[in-house]
Each structure stands twice: as C-alpha cells, then as structure tokens.
Amino acid sequence: MGYPFQYIEEKWQAFWAEKQTYKVEQPSDKPKFYVLDMFPYPSGAGLHVGHPLGYIASDIVARYKRHKGFNVLHPQGYDSFGLPAEQYAIQTGQHPAITTEANIKRYREQLDRMGFSFDWSREVRTSDPSYYRWTQCIFSLLFDAWYDKKEDKARPIDALIQHLERFGTTDLNAACDDDTPSCTAADWHGMSVEEKQIFLLRFRLTYLAETEVNWCPALGTVLANDEVVQGVSERGGHPVERKKMKQWSMRISAFADRLLKGFDSLDWPEPLKEMQRNWIGKSVGASVRFCVENSHREIEVFTTRPDTLFGVTFLTLAPEYEWVNEITTPSQKAEVDAYVKQAAQRSERERMSEVDRISGVFTGAFALHPITNEKVPIWIGDYVLAGYGTGAVMAVPCGDQRDFDFATHFDLPIKNIFKNVDVSEAAHTSKENTRIANSDFLDGLPVAKATQKVIEALAKNGMGEGATTYRLRDAVFSRQRYWGEPIPVYYVNGQPQLIPDECLPLELPKVSKYLPTPDGAPPLGNATEWAWDTTQNKVVSNDKMDNKTVFPLEKNTMPGWAGSSWYFNRYMDAHNSDAFASKEALAYWKEVDLYLGGSEHATGHLLYARFWQYFLYDFDFVPVENFAKKLINQGMILGESAFVYRIPDTQTYLSKGLCKGKKVIPVHVDVSLVSAQNELDIEGLKKWQPHFAEATFKLEDEKYIVGREVEKMSKSKYNVVNPDAICDQYGADTLRMYEMFLGPIEQAKPWNTAGISGVSNFLNKFWRLFHNGETFVVSDDKPTKESLRILHKTIAKVTQDIEQFSLNTSVSAFMIATNELTNQKCNHREILEPLIVLLAPFAPHICEELWSLLGHNESVTTASYPVANPDYLQDDTKAYPISFNGKMRFTLELSTSLSKDEIETAVMQEERTQTYLDGKTPKKVIVVPNKIVNIVV
RNA sequence: GCCUUGGUGGCGGAAUUGGUAGACGCGCUGGAUUCAAAAUCCAGUGCUGGCAACAGCGUGUGGGUUCGAUUCCCACCCAAGGUACCA
C-alpha cells in the first residue's frame with residue numbers, strides 16, 4: 001500500500017491557498033531573495049511534463065531559501081499576448097482575450113496541482129491593461145530619450161533640445177541613424193516645429209523610420225531579426241523577404257557596448273553569453289576611403305585587417321551599392337545592369353543555399369589606393385552584403401579566403417604581403433606569427449603593430465580612421481497584429497505624437513475582424529473607434545476625424561518581447577497604479593537573484609530585457625543595471641515518440657524487427673498506446689484513429705513492437721506526457737522529485753515514465769519510516785550514533801547540492817538515507833524531524849502531513865533548516881606524513897583507530913612495502929583492508 | 001566553415017576536480033511472501049573467460065605527462081545547440 005498522496009496533496013494545497021502561506025511582504029528585516037521563472041505563454045495545449053522542470057527547480061530553491069531565513073519573492077504570471085490566440089480569433093471570431101483567459105485558467109489548475117509556492121497575489125499578465133499601461137509608458141519614455149555617447153547613457157530628449165538650442169550639433173556625440181545630421185544653433189532656431197520633430201526623431205531611442213525589414217507575407221507581419229531563423233520565420237517556418245516599410249524601431253544598437261561589457265558582473269551560462277556576443281558581433285578595425293578615379297565619389301570600406309592595406313588588388317561592392325550606376329563605365333553598363341538585376345531577384349534563401357557559387361562583374365571603374373595611389377579595379381560581387389559595414393570591401397586576396405576565391409575565379413592579381421608565407425593555394429588568414437612584407441613602411445612588422453601604423457598614416461592623410469562596427473541592428477518594434485499592446489501614438493501631419501501619460505492605458509479597440517484590412521492596413525485598421533481627440537484626451541470614433549483636434553491613432557501594435565522586457569520589476573509591486581513599481585519596492589528587491597528559463601531566449605527576450613533595464617537605470621527608475629544576477633538555462637525534456645511502419649501503398653504495418661532492408665514509412669502513434677516494453681496496443685490504436693481499423697499488422701513473437709525516437713514534445717508527434725496523469729497515478733511529490741532525478745537541470749533529456757517507480761518507492765519508504773503498519777509511530781529515545789551520522793551526512797550533501805544546483809544528486813542522497821535508516825530501523829524524532837525539513841522543498845505535501853503528524857501546528861515552511869554537525873561527518877581515515885630514508889615523503893590515509901606507530905610498523909612489515917618505497921613503483925597501497933587507503937608523494 | 005557544450009554499463013546518470021570508475025534509480029536474473037497475481041522485501045548484475053577463488057579488458061579514438069588519468073596536455077572522430085559569404 002502506498003501512502004495516501006491524493007488525500008494529502010489536496011488537503012495541503014487547500015491549506016496553503018487558504019492561509020496564503022506563500023504571500024510575501026516587503027520590507028522585512030530578513031534578507032531578500034528573488035527567484036523567478038520565465039513566465040509562460042498560456043497556449044491552448046496546456047502544460048506537458050517538460051514545462052514544469054524549471055518551475056520545480058526554482059520552487060525547491062525558493063522553499064529552501066525560506067527555510068534558510070530569507071524573505072523570498074517567488075512570483076508567476078503570463079506572457080499573454082501572442083500569435084496563437086490571435087490566429088484562433090481569425091478562424092473563429094472569438095476575442096483573443098477570451099481564449100487567453102480560458103487557457104490561463106487551465107494553466108493555473110495544472111500549476112496548482114504541483115504544489116508550487118508561488119505568491120499568486122502578485123500575478124501579472126502582459127495583456128492586462130493595468131499592466132500594459134506601463135509597457136506603453138516605457139515606450140513613451142524611450143521616445144522622449146536619446147543616447148549621449150559622451151556620458152555613455154540615455155538622457156531625456158529635453159537635454160538634447162537644450163544642447164541644440166545653444167550649440168547646434170557642435171560637440172554633440174549622440175547615437176543616431178547612419179549619417180549624423182548636423183546643424184548650427186541658428187539652423188535649429190530657424191526650423192519649423194515640424195522640421196524640428198523630424199530632426200529629433202533621428203535621435204530618439206524609439207523612432208519611426210523607413211527601414212528595410214523582414215516581411216513575412218504568410219504571417220502578414222514584420223519580424224525582428226531574432227524571429228527569423230535561417231531565412232524563414234521562427235514560428236511556422238514561412239519564407240521571409242526584405243522590404244522597405246515605415247516602422248517603429250528601438251535603438252538597441254546604442255547600447256551595444258554596454259550589453260557586451262555588462263557580462264563581466266553576470267553569473268550567466270557561458271554559452272548564452274557567447275550567443276549574445278555573437279549576436280552583437282563587435283568587430284574592431286578601420287574604415288578606409290578610396291577615391292574613385294575621374295569622379296568626386298569616395299568608396300568607404302570597413303576592414304578588420306587594416307594591416308593588409310598594401311595587399312589590396314581590387315574593391316568589391318554589394319550589388320545593391322548606392323551609386324553603382326554612376327561609376328560604371330559605358331562599356332560595362334549592360335553587363336552590370338544585368339548582374340544587379342539578377343542579384344536582386346535572387347532571394348535571401350537562394351543566396352544562402354548557393355554560398356559556393358562565385359559571381360561578380362567588373363564596373364570598368366578604378367579606385368585609387370589611399371596610400372600608394374595605385375589604380376585598383378572596382379568589382380561588384382554578391383558575396384558582399386549591403387547590410388553590413390558599408391556594403392563595400394577592400395579585397396585582399398592573399399589574406400582573405402573569399403577575396404582569394406573571387407580573385408582566382410576572375411583571374412585578378414594576388415599580391416603577397418606576408419613574409420615567408422605561401423599564398424599560391426589559399427589565403428593566409430592567421431594573425432599569429434605573421435609579419436608583413438612588400439608593404440612600404442610596414443615591412444617586417446607584426447599584425448598588431450602594422451594595424452596601428454596604418455591607422456596613423458590614414459589619419460594623417462585623411463583617408464581613414466580606426467572604426468568599430470556591430471552586427472546588432474536596431475530592433476523593429478511594429479507588428480501588424482491585433483493581439484499586442486497598442487503603441488500610444490497619434491499622428492499630426494504624419495508626425496508621431498505621444499498620448500499623454502495620464503491618459504494611459506490606451507486600450508485595444510474592438511474590431512470586427514482580426515485580419516489586415518483589404519487595403520493592407522494592420523488589423524487595428526478595422527476599428528471604427530480609433531482616433532484621438534486632443535481636446536478631450538480620449539479615443540473617439542473615426543468619423544470625428546478632422547484636421548484640427550481629432551487625429552488618427554497608430555495602427556501597429558508592439559511585438560511580443562515588449563511586455564516581457566520589464567515584467568520582473570512589476571512583480572515587486574504588482575498592484576501599484578501610480579508607478580510600474582514603487583521606489584521602495586524596487587530598492588528592497590533590487591534584482592532577480594536567480595532566473596530560470598530556456599536558452600532559446602538568448603538573443604531575444606534576454607537581450608531586450610537587458611537593454612530596457614539599462615535604459616530604466618539611466619533614467620533612475622530602477623536601482624540596478626542588471627536585472628538578473630544569476631541565470632540558469634534548464635534543458636528541455638524531450639518526448640520519446642513511437643512509430644509504426646507502413647509498407648508504401650498498402651495498409652500493412654510491420655513490427656520493428658521485420659523492417660530490416662524493407663522500404664517502410666514511419667508513422668507517429670500515440671505513446672500512451674505503447675507499453676514500457678515497446679509493445680503496441682493494437683486494439684487501442686484502432687479505436688484511436690479509425691483509419692487503422694482495416695490495417696493489417698505483421699507481428700514478431702505475437703507482438704507488434706514499435707520504433708522509438710527522441711524528439712521535442714509536441715501534440716502533432718503524439719508524444720506528449722501530461723503532468724495531470726502523472727499526478728493522478730503517482731502524486732505531485734513523486735512527479736517533482738522524478739523530474740529532478742532525471743538528470744542535471746541544464747541538460748536536455750528524454751522523458752521516460754517507466755523510471756518513476758523508483759522515486760515513488762522512495763516516498764513510500766520514507767512514509768513508512770514514520771509508520772508501523774497503518775499507525776504513526778515515532779520514538780523520542782536517543783537515536784544511535786550511526787543514525788545521527790546518516791542524518792548529518794545527508795544534511796551536508798543536500799545543502800551543498802542545492803547551493804550548487806545539483807538537484808538530481810540530492811534526490812539520490814535522500815534515497816540512500818531512507819534505505820539506510822530503514823535498515824537501522826530508525827524511527828527517532830531527533831532524526832526524522834530534521835529530515836522532513838530537508839525534504840520539504842522537494843516533496844512539500846508529504847512533508848507537511850508528516851510535520852503535522854509530529855504535532856506541529858504551523859506549516860513546515862516556517863521550520864528552520866537543519867545544519868550539519870561536523871562531529872558526525874568525520875571520516876574514518878586520517879592522514880599521517882611518513883618519511884623513508886630521509887628522502888621521500890608519503891602521506892598515509894588510514895584508520896584513526898590505529899596509532900601512528902602501529903601504522904608505520906604495518907607499512908614496514910608489509911611484504912610489498914619495499915617495492916612501494918624503492919622510488920619507482922606505485923604509492924597506492926592497501927596494507928590492511930579498508931584501513932590504510934593511500935600513499936601519496 | 002566558425003563558436004559553444006558534451007561523449008562513462010542494456011538505459012537515465014554519479015565520481016569530494018589527479019587517488020578502489022560505474023553512486024542512486026530504471027531494467028534484467030534468482031529467491032522470499034502469495035492459491036495466483038499485483039505490491040513489498042532480500043540477493044546478484046560493466047564486459048570476457050572460469051563451477052569457483054581469480055585473471056584479463058574497460059570512461060569516443062590515437063598519443064603524451066604522472067607512481068597513478070573519466071579528470072591535465074596534443075591530435076583526431078562523433079553528437080547536440082548556436083551562427084554564418086560579417087570583410
């Protein structure tokens with residue numbers, strides 16, 4: 001008989017809810033600890049066993065920290081704006097808010113069954129107007145801000161205006177789009193209001209600009225760079241094309257360097273930092289200008305290897321390069337036009353799949369080398385990207401493999417500028433142990449030194465300077481969708497104006513359809529009430545629109561990452577209606593101490609959230625620069641899909657063992673129809689999907705054996721395991737511990753329900769420690785020394801494991817302890833009481849029950865964590881130094897029950913000792929079994 | 001191609017960072033209990049040979065350092081994730 005987990009779990013979940021056991025208040029005289037999970041998008045499919053993995057781990061830490069005397073903030077909420085609810089709305093006409101509400105309800109039920117210690121009084125939902133009001137407010141703050149590179153921080157736009165009024169752009173170093181505009185103070189004063197607005201828009205941290213965006217026709221929206229994976233949309237895998245559109249953007253590029261440097265103080269996983277570094281893509285080098293012969297034009301290139309400047313034998317421009325036409329000679333014109341046209345037609349995808357193909361065309365024009373003044377031909381090639389650097393490169397075939405390949409293909413000269421290096425077969429790209437040759441004043445210099453000298457020389461003749469470029473682009477912030485935060489902006493004469501703060505939230509309007517309008521406007525274009533009345537400061541009907549006081553509102557909405565870029569601050573003071581969180585709450589909780597979530601958010605959410613936090617910090621809205629001190633990426637739990645094998649064009653399915661050498665089509669079947677021994681329930685299958693009813697199954701040993709494959713858990717692969725089913729069968733405590741037991745938290749691992757019986761057995765055994773048959777019995781007698789040793793060993797191990805986040809091994813430690821105590825027939829209160837507290841973070845329900853059976857009236861949550869007594873931890877062995885012939889020194893680890901003399905005698909008398917001590921042989925020795933363990937030099 | 005992480009029994013995974021490899025769990029084998037089954041308990045279980053004591057081999061492969069290597073160094077192979085004509 002197992003312990004009555006069902007009764008116990010229901011009882012204590014109700015108790016916690018009623019007593020608000022996990023509600024947290026601030027301030028408090030306890031030290032604070034903030035442990036947070038990345039909040040989920042509540043999808044219609046509900047939770048599968050993979051979702052709670054991180055929640056269980058963070059819950060264990062939260063409960064552990066409470067026992068340790070911390071005031072623990074452990075909240076949960078929902079990232080509830082998102083595509084699926086909108087697509088469901090398009091199909092059914094049901095408002096996404098209704099779908100979302102229903103999904104949240106289901107999520108909550110599932111989460112509650114697992115006994116999490118969330119403080120639900122602080123729940124947030126990004127789609128709730130009382131929440132997105134502040135998302136809109138932060139948008140407005142970003143709009144009214146610019147980035148001062150001199151002070152390296154974001155500042156109010158008023159400060160910029162003041163500067164412009166007094167000095168114009170003189171002495172201004174601000175983040176801006178490509179070419180920083182310049183004006184004098186007089187110019188500024190001469191501008192009309194509208195001109196000033198247009199001018200300022202180029203500095204704002206959120207700005208409206210004609211940008212080349214990733215347009216996904218299938219989804220009918222633009223996507224941020226991180227939402228495009230290998231040329232197709234991350235969601236749905238639809239093709240994505242480049243398109244120019246007027247869009248809101250966030251000037252994240254202004255923060256590139258700080259995002260890069262900020263890692264130093266962050267305890268985040270190295271691979272994740274690396275991903276963000278790659279994404280930001282900082283390259284240090286120089287920008288160099290080449291004059292075009294017989295033209296006033298200059299071609300500016302960016303290079304990371306200015307030291308190879310004397311190896312330049314041609315320039316290459318991207319096909320989209322701005323004034324290709326202008327410099328092309330008449331004789332080359334036809335060829336260039338054809339090439340440019342053809343390159344434009346090649347999709348992003350084609351270009352990527354044909355990376356090996358070399359193509360290009362000569363423009364007929366020549367540029368002049370900025371130092372030698374030699375003529376170098378100007379080519380066009382599609383290996384040069386318009387979007388990176390300047391869209392032009394100086395080609396150094398001897399030092400860059402792509403330049404080398406291009407030169408070889410078109411028979412262009414290759415000049416070797418490396419000392420003692422052969423470049424006849426391939427380019428020499430290494431910087432180490434490389435000396436420059438054939439390069440005038442650089443001859444004989446190593447790379448670093450040559451780089452420095454060239455930059456100096458270029459600066460002197462005005463043809464270049466040191467430069468840094470980033471791969472990180474500004475983040476497009478407009479989405480042509482309904483189910484997102486409205487952008488709090490209206491337009492006067494085409495110029496964006498902010499909705500006043502006190503009028504927020506700007507709530508989503510009702511629409512008749514969730515699709516774009518026939519003329520291509522976003523779904524909000526369907527709203528009949530979507531105009532802003534500046535006299536009443538409220539949303540009014542579109543037909544009131546005139547050109548004086550009522551203006552059109554922005555129809556785009558914000559992207560998914562807007563609401564998730566600051567939510568961790570909202571939990572600190574979730575119901576504040578005067579600010580996104582009070583100064584006091586922010587000052588108390590500061591930042592997340594432990595953040596758990598998947599690594600798939602590395603270049604999206606986590607980068608944007610860091611950016612917004614830096615911004616809020618610059619404006620003194622938050623007290624810390626980094627929002628999460630420590631971050632852990634939990635690995636995905638994978639499903640084990642099951643397959644049956646169909647012979648093509650038949651309804652015959654072969655058992656796995658019969659498939660060898662035959663052509664078969666694997667078909668997913670529901671994993672719940674398959675036994676642990678991979679045997680298929682054929683009758684069940686026929687009921688599951690009718691088309692299997694007439695199928696024939698070829699068996700082996702009278703069984704149909706399915707094939708197995710580990711894949712991501714997904715409804716369409718029929719490999720989803722529902723945590724509710726596990727809770728029904730084994731209980732939540734077992735599920736919690738089993739998920740931890742499965743392996744290291746960071747690692748991806750397949751789910752296998754079969755193994756859960758081990759954990760289930762353990763909890764039953766643990767229960768039986770307190771029970772004699774059906775009755776609860778504990779002894780108040782003094783426990784044996786051995787029992788105490790077991791207890792304290794376990795306390796030390798489990799504590800250390802939680803601190804190091806090695807939760808799988810701590811589950812093992814509990815199992816070992818329980819087995820040992822069972823063998824000892826130990827049922828002593830002095831042992832079992834601390835053990836309950838130790839186990840409570842992992843299996844809270846059973847521990848609450850046992851704790852109350854022991855006579856405690858308070859929740860076990862209030863108990864303080866046991867501390868290991870070192871007296872019980874001492875090892876049986878001790879180290880003694882021993883010398884031999886005055887030359888060699890050994891350390892003997894041996895039983896403390898032997899005296900030093902006894903040991904020395906034992907060593908000397910041991911027959912093998914001479915061999916060990918003659919200097920050449922192993923020092924590890926067992927003189928007396930289990931006593932003398934080791935000899936080390 | 002580059003970057004990152006990893007490779008240990010039939011399986012999931014341990015190993016105090018250089019000291020008896022395989023903890024703990026699953027599975028498997030045998031036994032107890034049972035009319036029988038489930039559940040539970042006990043014993044065994046890296047591989048090869050042997051009735052056995054025991055011997056040999058074993059942490060992706062090949063070298064190296066060391067008295068001693070899963071652990072450190074070099075080269076390679078494989079897998080997963082990220083990323084890409086990024087100049």
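Labels below follow one simple rule: chain letters A, B, ... track the order of the sequence lines, proteins then strands, and each chain is numbered from 1. Computed over heavy atoms, backbone and side chain alike; hydrogens, waters and symmetry mates excluded.
Residue A:Lys282 is classed as having no contact, given no heavy-atom separation below 4.0 Å to the nucleic acid. Contacts of A:Pro750 with the nucleic acid, taken as non-hydrogen atoms under 4.0 Å apart, are absent. Residue-level contact check: A:Asn819 touches the backbone only, with heavy atoms under 4.0 Å from sugar-phosphate atoms and none from bases. Nucleic acid contact for A:Thr469: none, since no nucleic acid atom lies under 4.0 Å from a heavy atom of the residue.
To the nearest 0.5 angstrom, A:Asp801 atom CG is 8.5 Å from A:Ser812 atom OG.
B:A32 and B:A37: their C1' atoms are spaced 16 Å apart (whole Å). Taking the C1' atom of each, B:U65 and B:C2 are spaced 31 Å apart, rounded to whole Å. If you take atom P in B:C67 and the same atom in B:C51, they sit 41 Å apart, rounded to whole Å. Nucleotides B:G68 and B:G19 have their P atoms positioned 15 Å apart, rounded to a whole Å. With both ends at atom C1', the span from B:G60 to B:A53 equals 35 Å, rounded to whole Å. A gap of 24 Å separates the C1' atoms of B:C77 and B:C11, to the nearest Å. Comparing the same atom, P, in B:A52 and in B:G44 gives a spacing of 16 Å after rounding to whole Å. B:U8 sits 15 Å from B:A15 when the P atoms are compared, rounded to a whole Å.
Between A:Glu820 and A:Lys793, at least one side-chain nitrogen of the basic residue sits less than 4.0 Å from a carboxylate oxygen of the acidic one, meeting the salt-bridge criterion.
Checking B:C41, B:G12, B:A87 against the side-chain heavy atoms of A:Asp400 singles out B:A87 as nearest. Taking the side chain of A:Thr809 as heavy atoms from C-beta on, and the options B:A14, B:C85, B:C24, the nearest nucleotide is B:A14. With B:A87, B:C42, B:C41 as the candidates, the nucleotide lying closest to the side chain of A:Asn823 is B:C42. Side-chain proximity of A:Met815 to B:G25, B:G13, B:C85: nearest is B:G25. The A:Glu274 side chain lies nearest to B:C3 when the options are B:C41, B:C3, B:A87.
Look at B:G49: its Watson-Crick or wobble partner, with both distances under 3.5 angstrom, is B:C54. In a base pair of the Watson-Crick type (N1 to N3 plus N6-O4 or O6-N4) or a G-U wobble (N1-O2 and O6-N3), with each distance short of 3.5 Å, B:G18 is matched with no nucleotide. With a 3.5 Å ceiling on both atom-pair distances, B:A69 lacks any Watson-Crick or G-U wobble partner. Checking B:U33 for Watson-Crick or G-U wobble geometry (two distances, each under 3.5 Å) identifies no partner in any strand. Nucleotide B:A23: unpaired (no Watson-Crick or G-U wobble partner with both distances less than 3.5 Å). With a 3.5 Å ceiling on both atom-pair distances, the Watson-Crick or G-U wobble partner of B:A79 is B:U5. Look at B:G44: its Watson-Crick or wobble partner, with both distances under 3.5 angstrom, is B:C28.
Residue A:Thr304 places none of its side-chain N or O atoms closer than 4.0 Å to OP1 or OP2 of B:C86. An OP1 or OP2 oxygen of B:A14 is reached within less than 4.0 angstrom by a side-chain nitrogen or oxygen of A:Asn808. Proximity of A:Asn761 to the phosphate of B:U40: a side-chain N or O atom is located under 4.0 Å from OP1 or OP2. Taking side-chain N and O atoms only, A:Arg402 has a distance below 4.0 Å to OP1 or OP2 of B:C86. Using a 4.0 Å cut-off, some side-chain N or O of A:Arg471 falls inside it from OP1 or OP2 of B:A84. Here A:Tyr388 reaches the OP1 or OP2 of B:A87: one of its side-chain N or O atoms lies under 4.0 Å away.
The aromatic rings of A:Phe842 and A:Phe814 sit perpendicular to each other, their planes meeting at more than 60°, with 30° as the lower class boundary.
When rounded to the nearest whole Å, the span between CD1 of A:Ile756 and C1' of B:G12 equals 13 Å. Per the geometry, CD belonging to A:Glu711 stands 13 Å off P belonging to B:A80, to the nearest Å. One interatomic measurement links the two molecules: CG of A:Asn752 to P of B:G13, which rounds to 11 Å at whole-angstrom precision. One atom, CE of A:Met636, and another, P of B:A80, lie 14 Å apart when rounded to the nearest Å. Rounded to an integer number of Å, the gap from A:Arg768 CZ to B:U40 C1' is 7 Å. To the nearest angstrom, P of B:G25 lies 17 Å from OH of A:Tyr730. The CD-C1' distance, from A:Glu600 to B:A80, rounds to 15 Å in whole Å. Rounded to an integer number of Å, the gap from NZ of A:Lys797 to P of B:U16 is 9 Å.
Surrounding CD of A:Glu425 are at most 12 heavy atoms belonging to other residues, nucleotides or ligands under 6.0 Å away.
Aromatic ring centroids of A:Trp751 and A:Tyr738 lie under 6.0 Å apart. Ring centers of A:Tyr3 and A:Phe766: at least 6.0 Å apart, outside the cut-off. Between A:Phe310 and A:His369, a ring centre-to-centre spacing shorter than 6.0 Å is recorded.
Base orientation of B:U70: anti, since the glycosidic angle falls outside 90° of 0. Here B:G31 is in the anti range [glycosidic angle more than 90° from 0].
With RNA chain B read from its 5' end, the first of the two nearest nucleotides for A:Phe302 and A:Gln747 is the one closest to A:Gln747. In this structure, A:Met275 and A:Ile816 both approach RNA chain B, and ranking their closest nucleotides by distance from the 5' end singles out A:Ile816.
There is a side-chain donor-acceptor pair under 3.5 Å between A:Ser641 and A:Glu711.
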Passes salt bridge (charged side-chain N to carboxylate O under 4.0 Å, His left out), A:Arg289 versus A:Glu465? Steps please.
CA-CA 9 Å; A:Arg289 283 179 289 278; A:Glu465 57 274 314; 3.3 Å; yes
